[in-house]
Amino acid sequence: MKIKGEEKAVVSTQSTGTNDEAQATAWRAVCPLVSQLNLYYQYSLELEEKVMALLNALCAVPSMESLESHQALSKQFAMILDFVLAFDDLKMTNPSIQNDFSFYRRMRTREKSFANMEEHTVTNEVANRMSMFYAYPTPMLKMLSSTVSTFVQKNDALPLEHTTDILSTMANLCRCMIEDSNIVARFQQKDTVMFVLRVMVGAIILYDHVHPVGAFHRKSCIDIKGSIKLLKEQPAVSVETLLNALRFLLSVPTLAKWSSYEQAKSRLLLVVR
């Protein structure tokens, strides 16, 4: 998976002002990027439907029974969590993407001749939706969190614990796997550790979104202290974005779930220290 901006071409255009040739060059450079971004946006829409179907199957029964009887579906859900966090990591480390897309929309609106040059047509309606989607720092995670929240709201007859227990069980299992050196030694691919860590963090984030008191509360079923400790034991360059994702959870809406400021402050220190 690659997401790469064309910032040099756009910057060159901005420095040369209204130079038609430079603008045309920048436009040709940006259009393939927009086509790629559209593919990922369309994929996010497909993921919404797939995640709903997965949750319908996984959350129909208590968590351990579900994870044991639906191992293939559990793996698919884990792979989605891994993709979502890996995608958003790339998006956050490529800020030029947002600038390029803004340039694309601006030039398309201003110059109809550029729109006629576009090889892969993106309608204005789709471009507007893409703009809203990519405006978020973590667009895929925003989509996934909203999907899980919608699932819970639409299935209010289903015990909430079926959903939260699936997420907490996945998070705790991932933590236990990495803490066990014997299990890690059996990993055949070096990227497996990061895969498991991304799944762990993704499950924690989703749990925080749908659980009434969140993942950082002392009544949480997730060993959040152990999870953060595990992340901090990894190479910093590999897990900084994962830690940042957890730090973001400690926002005003999350703090409002807790009964006291001191309780919230003590949990915040787990991440920032």
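Side chains included, hydrogens not; waters and symmetry mates left out as well; all remaining heavy atoms used.
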Q: Taking the side chain as everything from C-beta on, heavy atoms only, tell me whether Val122 gets closer than 4.5 Å to Leu37.
A: no

Q: For residues 130-150, pull every pair meeting ring pair (Phe, Tyr, Trp, His ring centres under 6.0 Å), keeping only residues two or more places apart or in separate chains.
A: Tyr41-Phe133

Q: Which of these passes side-chain contact (heavy atoms from CB on, under 4.5 Å) with Ile205: Leu141, Leu242, Thr138?
A: Leu141

Q: Between Ser74 and Leu58, does the side-chain contact (heavy atoms from CB on, under 4.5 Å) criterion hold? Intermediate values first, please.
A: CA-CA 7 Å; Ser74 301; Leu58 291 174; 3.7 Å; yes

Q: How long is the span from the CE atom in Met130 to the CD atom in Glu125, to the nearest 0.5 Å?
A: 13.0 Å

Q: Check the surroundings of atom CE in Met79: do more than 12 heavy atoms from other residues, nucleotides or ligands lie under 6.0 Å from it?
A: no

Q: Can you tell if the side chain of Asn56 reaches within under 4.5 Å of the side chain of Asn155, non-hydrogen atoms only?
A: yes

Q: Can you list, pair by pair, the side-chain donor-acceptor contacts under 3.5 Å of residues 184-193, counting residues two or more places apart and other chains?
A:
unit_1	atom_1	unit_2	atom_2	d
Thr192	OG1	Gln189	O	2.9

Q: Please step through side-chain contact (heavy atoms from CB on, under 4.5 Å) for the pair Val148 and Tyr207, ending with a clear verdict.
A: CA-CA 9 Å; Val148 176; Tyr207 179 96; over 6 Å; no

Q: Distance-only, no hydrogens or angles: does the Thr147 side chain make a donor-acceptor pair with backbone N or O of Met143 under 3.5 Å?
A: yes

Q: Using a strict cut-off of less than 4.0 Å between a Lys/Arg side-chain nitrogen and an Asp/Glu carboxylate oxygen, indicate whether Glu46 and Lys50 qualify as a salt bridge.
A: no

Q: Taking side-chain contact (heavy atoms from CB on, under 4.5 Å) as the definition, give me every residue that meets it alongside Cys59, ordered by chain and number, with sequence neighbours left out.
A: Leu55, Phe151, Leu158, His162, Thr163, Ile166

Q: For Ser69, enumerate each residue passing the side-chain contact (heavy atoms from CB on, under 4.5 Å) test, keeping only those at least two apart in sequence or located in another chain.
A: none

Q: Please check if the side chain of Asp88 supplies one atom and the backbone of Met140 the other of a donor-acceptor pair under 3.5 Å.
A: yes

Q: Under the 3.5 angstrom rule, does the side chain of Asn128 hit a backbone N or O of Asn124 as a donor-acceptor pair?
A: yes

Q: Which heavy-atom pair separates Asp208 from Ala215 by the least distance, and what is that distance?
A: OD1-N, 2.8 Å

Q: Holding to ring-ring contact (aromatic ring centres under 6.0 Å, His included), I want the full list of residues that pass it with Phe195, two or more places apart in sequence or in another chain.
A: none

Q: Rounded to the nearest 0.5 Å, what separation is found between the NE2 atom of His209 and the OG1 atom of Thr164?
A: 14.5 Å

Q: Are Phe101 and Met92 joined in one hydrophobic group, where the rule is that I, L, V, M, F, W and Y side chains link up if heavy atoms are under 4.5 Å apart?
A: no

Q: Please give me the minimum heavy-atom distance between Ala57 and Ser66, naming the atom from each residue.
A: O-OG, 4.2 Å

Q: Output the distance between atom CG (Asn172) and atom CD1 (Ile204), rounded to the nearest 0.5 Å.
A: 8.0 Å

Q: To check you understand the geometry: which heavy-atom pair defines the closest contact between Arg105 and Ser131, and what is its length?
A: NH1-OG, 3.0 Å

Q: With side-chain contact (heavy atoms from CB on, under 4.5 Å) as the criterion, how do Met194 and Ser238 come out once you've worked through the C-alpha distance, each side chain's angles and the decisive distance to 0.1 Å?
A: CA-CA 8 Å; Met194 283 305 303; Ser238 301; 3.9 Å; yes

Q: Step by step, work out the side-chain contact (heavy atoms from CB on, under 4.5 Å) result for Phe87 and Ser44.
A: CA-CA 11 Å; Phe87 178 93; Ser44 76; over 6 Å; no

Q: To the closest 0.5 Å, what do you measure between CG (Leu173) and CD1 (Ile178)?
A: 11.5 Å

Q: Between the side chain of Ser145 and the main-chain N/O of Lys142, is any donor-acceptor distance below 3.5 Å?
A: no

Q: Same cluster or not: Met52 versus Val84, using hydrophobic residues (I, L, V, M, F, W, Y) connected whenever any side-chain heavy atoms lie under 4.5 Å apart?
A: yes

Q: Within the side chain of Gln234, is there an N or O that forms a donor-acceptor pair under 3.5 Å with the backbone of Leu230?
A: yes

Q: Would you say the side chain of Leu81 lies within less than 4.5 Å of the side chain of Met170, judging by non-hydrogen atoms?
A: yes

Q: Going only through I, L, V, M, F, W and Y residues with side-chain contacts under 4.5 Å, is there a path from Leu54 to Val61?
A: no

Q: Hey, could you give me the CG/CG distance between Leu144 and Leu206, rounded to the nearest 0.5 Å?
A: 4.5 Å

Q: Using the rule that Ile, Leu, Val, Met, Phe, Trp and Tyr join whenever any side-chain heavy atoms are under 4.5 Å apart, tell me whether Leu67 and Leu160 fall into a single cluster.
A: yes

Q: Can you pull the ring pair (Phe, Tyr, Trp, His ring centres under 6.0 Å) pairs that have at least one residue in residues 42-75, sequence neighbours excluded?
A: Tyr43-Phe83

Q: Roughly how far apart are Ile224 CD1 and Leu246 CG, rounded to 0.5 Å?
A: 5.5 Å

Q: Considering all heavy atoms of both residues, which atom of Met200 and which atom of Cys174 are nearest to each other, and what is their separation?
A: CB-CB, 3.6 Å

Q: Verify the cluster assignment for Leu45 and Val34: are they in a single hydrophobic cluster under the rule of side-chain heavy atoms below 4.5 Å apart?
A: yes

Q: Would you find a donor on one side and an acceptor on the other, under 3.5 Å apart, between the side chain of Asp180 and the backbone of Asn182?
A: yes

